[in-house]
Amino acid sequence: MARSSLAPGLSDEEIDNEAVLLRAYGQGTDLIIDRERETQNHELLTRYNLAPSLLARFHNGMLYRFIKGAVTSPADLRREEIWRAVANRLAEWHAVVPCLPTHREPLAVEIDGSEQFGISAPTPSKKDPALQTAIDTVAPEKPAPNVWTVMQKWIYALPIGSEPEMARQATLQKELTRLVAEFSNRPGLGDNCLVFAHCDLLSGNVIVQPQSSETITPKAPLKVSFIDYEYATPSPAAFDLANHFAEWGGFDCEHHLLPTQHQRLDFIREYIRSYFKHLGIDKSAAEEEAETHRLFAEVDVFRGIPGFYWGIWALIQAQISQIDFDYASYAELRLGEYWGWRAEEDGSRAASGKEMTVREKRWAQES
């Protein structure tokens, strides 16, 4: 990503006002990111004043207005004035942006080579339109795309050049089928129990808006904007929240820094106030508190799924990315979060006498 501005001689504010960002796509990323959908997301968010103006799109990138402000760090996400701003902005996304289905072309060209699958493929060719149908209908009662169809597409794109890779793909496919059966039809916020979710709300995608010295008041709350919409898709609100909470630990996945029960409850309480405010629905204090505890419990249920989601993603990135990052180890770490959650939920961890994982311990910590 590169920033471009006008000629020298302008003030910093004038440069920021006229600056644009040139975003170039990474090599091979079409395998995991629907670029057409990303453009639609950007245009949709712009209509609701939740994204900068999209100025141009070309084969391997896009050009859009620069967002003024400061990028947050994982430590910033844990600061009360920041997390309250994030809760308010995320609630606005979920309340006002509609979940729109995507028109599909006759052929799905994003993925190749399904005839090599070690599991039963829905079609002999990954360019067969039947494959896109198989992806879109993984959660039959939900309009596509959604977070479940994204995970299905990624599992179909996993490397399967060896027996262990084929076995892993089969295991992850079995788990996705199980997750869809258990979670895709749970009650939740939004039409069809889906909201327009960011799905990648790490610290680097949260921008603290600058406060004007002329309008600042001692107790003026901070405001934030979100950037990078390539993973945004309809999702249960609880998934988007659980995914954001995981980012409190940063890329190093420092599980001991994740929000405690008390912190999550406060965050969700702020979120619920903002959500119904943006919907224009008046709720009594008691009703808001009931909604807060309902969503708190739902986020708790979803806490392991972000690890599954990013674990699959990292397995693919380990094969295609040119970034100097150990995606293979990151995949194991994130999938380990998922398996640790499963072991806690089904009682197998306790039955085996093993110690609870650091992540699960922290999640259960009250304050």
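All values reported here derive from a predicted model rather than from experimental measurement. Atom set for the values below is all heavy atoms of this structure, side chains included, hydrogens, waters and symmetry mates excluded.
- The side-chain hydrogen bond (donor to acceptor under 3.5 Å, both in side chains) test applied to Glu80 returns Arg84, not counting sequence neighbours.
- Take Glu163 and apply the side-chain hydrogen bond (donor to acceptor under 3.5 Å, both in side chains) test, not counting sequence neighbours, and it matches no residue.
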Quick one: side chains of residues 44-53, donor-acceptor pairs under 3.5 Å with protein atoms, not counting sequence neighbours, listed by atom name and distance.
residue	atom	partner	partner atom	Å
Thr46	OG1	His42	O	2.8
Thr46	OG1	Pro52	O	3.1

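- Checking Ser184 against Glu141 by side-chain atom types alone, no donor-acceptor pair falls below 3.5 Å.
- Listed by chain and number, the residues in a salt bridge (charged side-chain N to carboxylate O under 4.0 Å, His left out) with Glu291 are Lys283, Arg294 (sequence neighbours excluded).
- Between Glu182 and Arg342, at least one side-chain N (NZ, or NE/NH1/NH2) sits under 4.0 Å from a carboxylate O, which counts as a salt bridge.
- Arg35 meets the salt bridge (charged side-chain N to carboxylate O under 4.0 Å, His left out) test with Asp30, Glu38; sequence neighbours excluded.
- A salt bridge links Glu337 to Arg334: one of the charged nitrogens lies within less than 4.0 Å of a carboxylate oxygen.
- Pairing each heavy atom of Arg37 with each of Pro101, the nearest pair is NH1-C, 4.2 Å.
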Give the table of side-chain donor-acceptor pairs shorter than 3.5 Å for residues 199-208, with sequence neighbours excluded, one pair per line with atom names and distance.
residue	atom	partner	partner atom	Å
Asp200	OD2	Asn205	ND2	3.4
Asn205	ND2	Asp200	O	2.9

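- Side chain to side chain, Ser73 and Asp76 meet the donor-acceptor criterion of an N or O pair below 3.5 Å.
- Under the ring pair (Phe, Tyr, Trp, His ring centres under 6.0 Å) criterion, Tyr327 pairs with Trp313, Phe325, not counting sequence neighbours.
- Pro210 meets the side-chain contact (heavy atoms from CB on, under 4.5 Å) test with Lys68; sequence neighbours excluded.
- Partners of Tyr309 under the ring pair (Phe, Tyr, Trp, His ring centres under 6.0 Å) rule, at least two apart in sequence or in another chain, are Trp154, Phe239.
- Ring centers of Tyr231 and Trp310: under 6.0 Å apart, within the cut-off.
- In terms of hydrophobic clustering, with Ile, Leu, Val, Met, Phe, Trp and Tyr side chains grouped at heavy-atom distances under 4.5 Å, Ile312 and Trp148 are assigned to a common cluster.
- Contacts of Ser284 classified as side-chain hydrogen bond (donor to acceptor under 3.5 Å, both in side chains), with partners at least two apart in sequence or in another chain: Glu287.
- Lys361 is linked by a side-chain hydrogen bond (donor to acceptor under 3.5 Å, both in side chains) to Glu355, counting only residues two or more places apart in sequence or in another chain.
- Applying the ring pair (Phe, Tyr, Trp, His ring centres under 6.0 Å) test to Phe296 and every residue at least two apart in sequence or in another chain returns nothing.
- Cation-pi check for Arg362 over Trp248 is not met; the charged atom does not lie both under 6.0 angstrom from the ring centroid and within 45 degrees of its normal.
- Inspection of the Arg57 and Thr39 side chains reveals an N or O donor paired with an N or O acceptor under 3.5 Å.
- Between Arg303 and Glu345, at least one side-chain nitrogen of the basic residue sits less than 4.0 Å from a carboxylate oxygen of the acidic one, meeting the salt-bridge criterion.
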